[in-house]
Amino acid sequence: MEKGILMVISGFSGAGKGTLVKKLLAEEEDYVLSVSMTTRKPREGEREGVDYFFTDKETFERTIAENGLIEHACYVGNYYGTPRAYVEQQLAAGKNVILEIEIQGAMNIKKLYPDSLLLFVTPPNAQELERRLKGRGTETDEVIAGRLSRAHEESLGIDAYDYIVINDDLDRCVEEIRTLVRAARREPVRMQDFIDRIREELKVYQK
Ligand code: 5GP
């Protein structure tokens with residue numbers, strides 16, 4: 001069986017990457033999402049084993065020491081890491097594994113897995129990012145200003161990604177990601193109609 005593609009999806013907070021990942025998972029049965037381990041406290045509505053494996057610092061550090069994570073990073077005072085076993089099993093089973101992680105982790109993944117695909121999701125422009133963050137209506141102006149300032153910092157690292165996915169239309173983005181993954185797996189990219197047609201056309205020259 002062909003191994004699957006390991007793909008990282010990063011993006012600004014408010015870029016819509018969560019929605020994009022949900023749609024990919026709902027529509028494609030050969031895509032799976034890795035659930036990270038974190039020392040951050042669960043937010044309202046988050047579920048153990050679905051959103052994260054929530055744990056304490058000691059357990060997290062023990063897992064690092066036992067080589068149980070393929071990468072980890074510290075982000076705003078908490079540890080986040082990708083459990084090794086699930087990723088390796090799923091890749092071996094031919095699944096495309098999605099990691100929704102930040103840039104430090106993305107860089108580590110590229111070093112360890114040079115064939116991985118690093119995608120960065122962004123709205124078409126900064127005004128749109130601001131509009132989406134404000135549109136949620138759940139965050140204070142201060143939090144929004146913090147997210148935008150972080151977005152500026154993150155924009156300095158975008159060059160390290162393989163592809164920028166401009167999220168202006170959800171369906172088009174999902175299609176674009178599918179095409180990128182097929183290309184990375186060296187699978188044909190919807191060319192069969194063309195192949196059939198040109199074969200037919202060339203038949204007249206057959207000797
Ligand atoms: P949040 O606390 O908002 O869920 O996540 C904070 C940041 O950590 C996000 O950018 C998220 O993508 C990133 N993150 C989540 N899991 C992992 C992980 O396993 N490794 C790394 N490096 N970053 C992660």
Side-chain angles (χ1 to χ4, degrees), residues 6-25 31-57 59-91 95-113 116-123 129 132-133 136 138-140 142-158 160-165 167 173 177:
L6 183 58
M7 53 198 286
V8 169
I9 302 192
S10 303
F12 302 127
S13 165
K17 71 185 147 120
T19 318
L20 201 58
V21 168
K22 268 201 204 105
K23 197 165 159 67
L24 262 176
L25 293 170
Y31 284 62
V32 295
L33 178 66
S34 155
V35 177
S36 296
M37 189 183 247
T38 185
T39 58
R40 150 163 102 55
K41 295 276 167 289
R43 294 190 190 119
E44 183 91 19
E46 282 185 331
R47 284 177 297 161
E48 166 70 18
V50 176
D51 299 287
Y52 282 105
F53 296 107
F54 297 99
T55 187
D56 55 37
K57 194 161 170 265
T59 311
F60 197 101
E61 286 174 347
R62 188 164 6 96
T63 312
I64 299 174
E66 289 167 352
N67 201 23
L69 301 174
I70 55 176
E71 63 78 36
H72 68 276
C74 224
Y75 185 92
V76 203
N78 286 301
Y79 275 133
Y80 295 83
T82 305
R84 177 183 303 281
Y86 180 79
V87 170
E88 291 185 347
Q89 281 157 15
Q90 296 296 321
L91 287 176
K95 302 281 186 187
N96 302 312
V97 180
I98 302 174
L99 309 181
E100 227 188 294
I101 64 177
E102 49 67 72
I103 186 161
Q104 242 180 296
M107 303 300 99
N108 289 332
I109 289 293
K110 195 69 185 180
K111 266 189 235 135
L112 283 165
Y113 300 85
S116 59
L117 193 59
L118 304 193
L119 308 179
F120 194 93
V121 182
T122 169
L129 183 64
R132 289 188 198 175
L133 285 171
R136 286 178 177 174
T138 51
E139 250 88 50
T140 62
E142 200 186 332
V143 170
I144 291 169
R147 296 245 162 107
L148 287 167
S149 157
R150 179 171 287 282
H152 167 256
E153 274 169 44
E154 287 170 349
S155 74
L156 305 175
I158 301 180
Y161 284 79
D162 295 317
Y163 292 99
I164 309 301
V165 178
N167 190 3
C173 283
I177 293 176

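Whatever order the structure lists ligands and atoms in, that order sets their numbers, starting from 1.
Annotation for ligand 1: atoms under 4.0 Å from non-hydrogen atoms of Ala73 are 22 (N). Annotation for ligand 1: atoms under 4.0 Å from non-hydrogen atoms of Arg40 are 1 (P), 2 (O), 4 (O). Near Gly105, meaning under 4.0 Å from one of its heavy atoms, ligand 1 places the atoms 22 (N). Taking every non-hydrogen atom of Glu100 and a distance limit under 4.0 Å, the qualifying atoms of ligand 1 come out as 11 (C), 12 (O), 14 (N), 15 (C), 16 (N).
A 4.5 Å side-chain heavy-atom check between Leu119 and Met7 finds at least one atom pair inside the cut-off. Residues Glu154 and Ile158 are not in side-chain contact: their nearest non-hydrogen atoms beyond the backbone lie 4.5 Å or more apart. The closest side-chain heavy-atom distance from Lys41 to Phe54 is not below 4.5 Å. In this structure, the side chains of Asn167 and Thr19 stay at 4.5 Å or more apart for every pair of heavy atoms. Looking at Asn108 and His72, their side chains never come closer than 4.5 Å, going by heavy atoms from C-beta outward.
Given atom 13 (C) of ligand 1, the protein heavy atom at minimum distance is Glu102 N, 3.7 Å. Closest protein heavy atom to atom 5 (O) of ligand 1: Tyr52 OH, 3.3 Å. The nearest protein atom to atom 20 (N) of ligand 1, hydrogens excluded, is given as Glu71 OE2, 2.7 Å; this is a heavy-atom distance. Protein heavy atom in closest approach to atom 16 (N) of ligand 1: Ser36 OG, 3.0 Å.
Using a 4.0 Å cut-off between heavy atoms, Arg43 contacts ligand 1 through its side chain alone, with no backbone atom that close. The proximity of Tyr75 to ligand 1, defined as any non-hydrogen pair under 4.0 Å, is limited to the side chain.
Pairing each heavy atom of Leu133 with each of Ser13, the nearest pair is CD2-O, 3.5 Å. Nearest approach of Gly14 to Pro123, heavy atoms of both residues: O-CG, 4.4 Å.
Within 4.0 Å of atom 9 (C) of ligand 1, not a single protein heavy atom is present.
Note: Tyr80 and Tyr75 have perpendicular aromatic rings, judged against thresholds of 30 and 60 degrees for the angle between ring planes.
Ligand 1 does not have Met37 within reach: every non-hydrogen atom of the residue lies 4.0 Å or more from it. A heavy-atom separation below 4.0 Å is not found between Gln104 and ligand 1.
The pair Glu102-Arg150 does not meet the salt-bridge criterion, since no charged nitrogen lies less than 4.0 angstrom from a carboxylate oxygen.
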